[in-house]
Amino acid sequence: MGFAMIWRATILTLFPDMFPGPLGVSLAGKALASGLWALEARDIRDSATDRHRSVDDTPAGGGPGMVLRADVLAAAIDAADAGQSRPRFLMSPRGRPLTQSRVMELAAGPGPLIVCGRFEGIDERVIAARGLEEVSIGDYVLSGGEVAAMVLVDACVRLLPGVMGRQASRTEESFSEGLLEYPQYTRPQEFEGRTIPEILVSGDHAKVAAWRQAEAEALTKARRPDLWAIKTSQKSPQKRPKSTTDG
Ligand code: SAM
């Protein structure tokens with residue numbers, strides 16, 4: 001009542017002290033301090049019920065390591081999210097890889113609840129019981145979900161209104177048009193014998209734009225044939241109507 005809803009990330013972790021960590025500095029940190037977004041790191045262990053405050057147990061069927069218990073995690077999720085409807089994620093190497101388009105969707109919503117796994121992972125039943133969407137930040141295995149959660153939150157926060165200086169910097173960057181970004185240069189004009197490409201200092205904006213487009217296409221083709229295949233399969237590039245959020 002009277003409050004504008006701000007974008008809020010709730011993190012469920014065994015290591016709440018890891019937050020805000022890198023999210024507390026630079027653009028994201030300044031925006032956090034000025035109330036443009038909110039971060040809540042909750043300790044899963046607070047939802048343990050036995051006197052040892054245990055959160056994990058040995059895997060059913062045997063094998064190495066420990067698994068986070070479904071009952072403890074479900075209680076932690078329920079305590080964090082009572083009655084709210086917002087996206088709920090489990091950071092997981094098994095998940096669908098995070099993309100910029102998913103990040104843009106999330107930044108436009110109320111902000112996620114994110115479960116950070118540890119050990120061998122979490123009991124499968126809580127994933128279904130609490131509707132957790134598994135998200136991966138890449139094909140490698142981290143020791144816990146916290147760093148992955150920071151990646152997800154950082155990518156969203158920089159898109160929130162008022163966090164980044166110029167809107168243009170987010171519409172021209174890598175992935176926004178299905179291409180990697182063109183090369184950037186700044187002063188000095190000559191560095192160790194290498195000069196800034198002539199066109200960029202010509203003052204001809206149309207030529208600069210054409211050069212950048214060609215560079216972005218060449219880079220994408222060479223480095224990310226997977227992205228290039230998607231780009232070239234879209235026969236007529238869709239012109240987006242200018243939306244009110246486009247600045
Ligand atoms: N045994 C699991 C497997 O092989 O899929 C790996 C568990 S990993 C050691 C511990 C936790 O780190 C996971 O539960 C997950 O939360 C997080 N994690 C590891 N790699 C990740 C990735 N690529 N993306 C997102 N989260 C990851």
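For the numbers below, each heavy atom of this structure counts, side chains included, while hydrogens, waters and symmetry mates do not. In listed order, ligands and their atoms are each counted from 1.
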Between CZ on residue Phe175 and CZ on residue Arg224, distance to nearest 0.5 Å: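 Going from the CZ atom of Phe175 to the CZ atom of Arg224 covers 5.5 Å.
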Test: Asp123 and Arg125 ion pair at under 4.0 Å: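 Result for this pair is yes, salt bridge flagged.
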Heavy atoms from other residues, nucleotides or ligands near CG of Asp50 exceed 12 (cutoff 6.0 Å):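 Yes, CG of Asp50 has more than 12 neighbouring heavy atoms, counting only those of other groups under 6.0 Å.
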Arg86 atom CZ, over 12 foreign heavy atoms within 6.0 Å: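 Yes, CZ of Arg86 has more than 12 neighbouring heavy atoms, counting only those of other groups under 6.0 Å.
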Asp81 and its salt bridge (Lys or Arg N to Asp or Glu O under 4.0 Å) partner, picked from Arg42, Arg88, Arg130: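 Among Arg42, Arg88, Arg130, the one that satisfies the salt bridge (Lys or Arg N to Asp or Glu O under 4.0 Å) with Asp81 is Arg88.
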Short N or O separations between ligand 1 and the protein, below 3.5 Å:
residue: ligand 1; atom: 1 (N); partner: Glu120; partner atom: O; Å: 3.0
residue: ligand 1; atom: 1 (N); partner: Glu120; partner atom: OE1; Å: 3.3
residue: ligand 1; atom: 12 (O); partner: Gly144; partner atom: N; Å: 3.4
residue: ligand 1; atom: 12 (O); partner: Gly145; partner atom: N; Å: 3.4
residue: ligand 1; atom: 16 (O); partner: Met91; partner atom: O; Å: 2.6
residue: ligand 1; atom: 16 (O); partner: Gly117; partner atom: N; Å: 2.9
residue: ligand 1; atom: 20 (N); partner: Leu142; partner atom: N; Å: 3.0
residue: ligand 1; atom: 23 (N); partner: Gly138; partner atom: O; Å: 3.0
residue: ligand 1; atom: 23 (N); partner: Tyr140; partner atom: O; Å: 2.9
residue: ligand 1; atom: 24 (N); partner: Ile137; partner atom: N; Å: 3.1
residue: ligand 1; atom: 26 (N); partner: Ser92; partner atom: N; Å: 3.2

Sequence neighbours excluded - side-chain hydrogen bond (donor to acceptor under 3.5 Å, both in side chains) pairs with any residue from residues 204-213: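 Only Gln213-Glu217 qualify under side-chain hydrogen bond (donor to acceptor under 3.5 Å, both in side chains).
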